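Right, one structure below, let's go through it.
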Number of protein chains: 2
Amino acid sequence: MNENEIFRALADPTRRAIFEKLAGGAMNASALREGMAISQPAMSQHLGVLRSARLVREERQGRFVNYEVDPEGLMAMARWMAKYRNYWPARIDALMDLLKDMDQ
Amino acid sequence: MNENEIFRALADPTRRAIFEKLAGGAMNASALREGMAISQPAMSQHLGVLRSARLVREERQGRFVNYEVDPEGLMAMARWMAKYRNYWPARIDALMDLLKDMDQ
DNA sequence: CAAACACATAAGCATACACTTATCTGATTC
DNA sequence: GAATCAGATAAGTGTATGCTTATGTGTTTG
């Protein structure tokens, strides 16, 4: 699927920090920049990468663009992990089985 | 933690292919190369990256080195995902709670 | 409608990364 | 112990990537 984009997106620590911040609540790009020592274009580019990986989604609100976590990316990651559930400790194995069920 | 190494390691499609192959059963580096159009040094370098991310572990056997999936890397990934369990669909949420319990 | 604002895109640059071709290390076998 | 084999390491190279400084696009406000 788009595993490649997902793992590539998360391979960058700045993008993981952005994602983590968004996980704390939806925010626009300017608000995300606060306390992050990152230029406006860089933020925009990072958000673009996260968005095309479906880890994040946007919603225009006037002249602001609100960003929030998109569960789709996390789901795709879980589906990838589910393939290797035989390598999980026994207690986790049951969890992954359920995950697999969702794999419609 | 070593999330950085993990996501970086998995960002490369060749390394994911190697990991997937190892998930099918332990193998030495030469066996891994079969049908993979990859040079011996490239394979060795990829295995080095996967190993330092703890996605894979090795065991010397004579002049061969046997590689296998190391559950530690997958666990670390799951722990990362668990942080965002509030963004998972309800049914998955319960799974992630249990996962979090393992987080000793 | 002009200025200001939020954000995206363009273009250029320095570094990281995946590959290559040697070469080295360590183990086995004749 | 010399040749061979499995694998690691070294060094070099092209491309991807994350950044920068402009500049562009769309929206709001005076």
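Throughout, a chain's letter reflects where its sequence line sits, starting with A, and its residues are numbered from 1. Small disclaimer: the values here were computed from a predicted structure and weren't measured.
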| field | By salt bridge (Lys or Arg N to Asp or Glu O under 4.0 Å) - contacts of B:R8 (at least two apart) | value |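 B:R8 satisfies salt bridge (Lys or Arg N to Asp or Glu O under 4.0 Å) with no other residue.
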| With B:E5 via salt bridge (Lys or Arg N to Asp or Glu O under 4.0 Å) - residues at least two apart |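 B:E5: no salt bridge (Lys or Arg N to Asp or Glu O under 4.0 Å) contacts found.
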For atom [atom1] of [X] and atom [atom2] of [N], their distance in whole Å:
X     : N      : atom1 : atom2 : value
A:R33 : C:dC7  : CZ    : P     : 9 Å
B:D12 : C:dC17 : CG    : C1'   : 9 Å
A:I18 : D:dG18 : CD1   : C1'   : 11 Å
B:L32 : D:dA8  : CG    : P     : 11 Å
A:R15 : D:dA16 : CZ    : C1'   : 12 Å
B:E5  : C:dC17 : CD    : P     : 11 Å
B:L50 : C:dC17 : CG    : P     : 14 Å
B:R8  : D:dT17 : CZ    : P     : 11 Å

| Hey, does the side chain of B:Y67 come within less than 4.0 Å of D:dA8's phosphate (OP1/OP2), counting only N and O? |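 Yes, because at least one side-chain N or O of B:Y67 sits under 4.0 Å from OP1 or OP2 of D:dA8.
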| query | With distance as the sole test, does A:Y87 use its side chain to make a donor-acceptor pair with the main-chain N or O of B:A23 at under 3.5 Å? | reply |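 Answer holds: yes.
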| Just by distance, with hydrogens left out, do B:R60 and B:N66 show a side-chain donor and acceptor under 3.5 Å apart? |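 No, no side-chain donor-acceptor contact under 3.5 Å.
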| message | So that I can tick it off, tell me whether A:E20 and B:K83 are bridged by a salt bridge, with the cut-off set at under 4.0 angstrom between side-chain N and carboxylate O. | response |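 Yes, this pair counts.
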| request: Return the minimal non-hydrogen interatomic distance between A:L55 and A:A9, and the atom names on each side. | output: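 That closest heavy-atom pairing would be CD1-CB, 3.9 Å.
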| query | Looking only at heavy atoms, which two atoms of A:L10 and B:F7 are closest? And how far apart? | reply |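 Distance-wise, the nearest heavy atoms are O-CB, 3.6 Å.
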| field | All ring pair (Phe, Tyr, Trp, His ring centres under 6.0 Å) counterparts of A:F64, not counting sequence neighbours | value |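 A:F64 satisfies ring pair (Phe, Tyr, Trp, His ring centres under 6.0 Å) with no other residue.
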| Sub-4.0 Å heavy-atom contacts from residues 37-48 of chain A onto DNA chain C, ordered by number |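 Close to the strand are A:Q40, A:P41, A:S44, A:Q45.
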| query | Among D:dA6, D:dA8, C:dC7, which nucleotide sits nearest the side chain of B:E58? | reply |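 Given the options D:dA6, D:dA8, C:dC7, the side chain of B:E58 is closest to D:dA8.
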Might you list the N or O atoms of the protein lying below 3.5 Å from N or O atoms in nucleotides 25-30 of chain C, with each pair's distance?
none

Distance-only donor-acceptor hits, side chain of residues 35-51 of chain A, under 3.5 Å, sequence neighbours excluded:
from, atom 1, to, atom 2, distance (Å)
A:S39, OG, A:A42, N, 3.2
A:H46, ND1, A:R15, NH1, 3.2
A:R51, NE, A:E58, OE1, 3.1

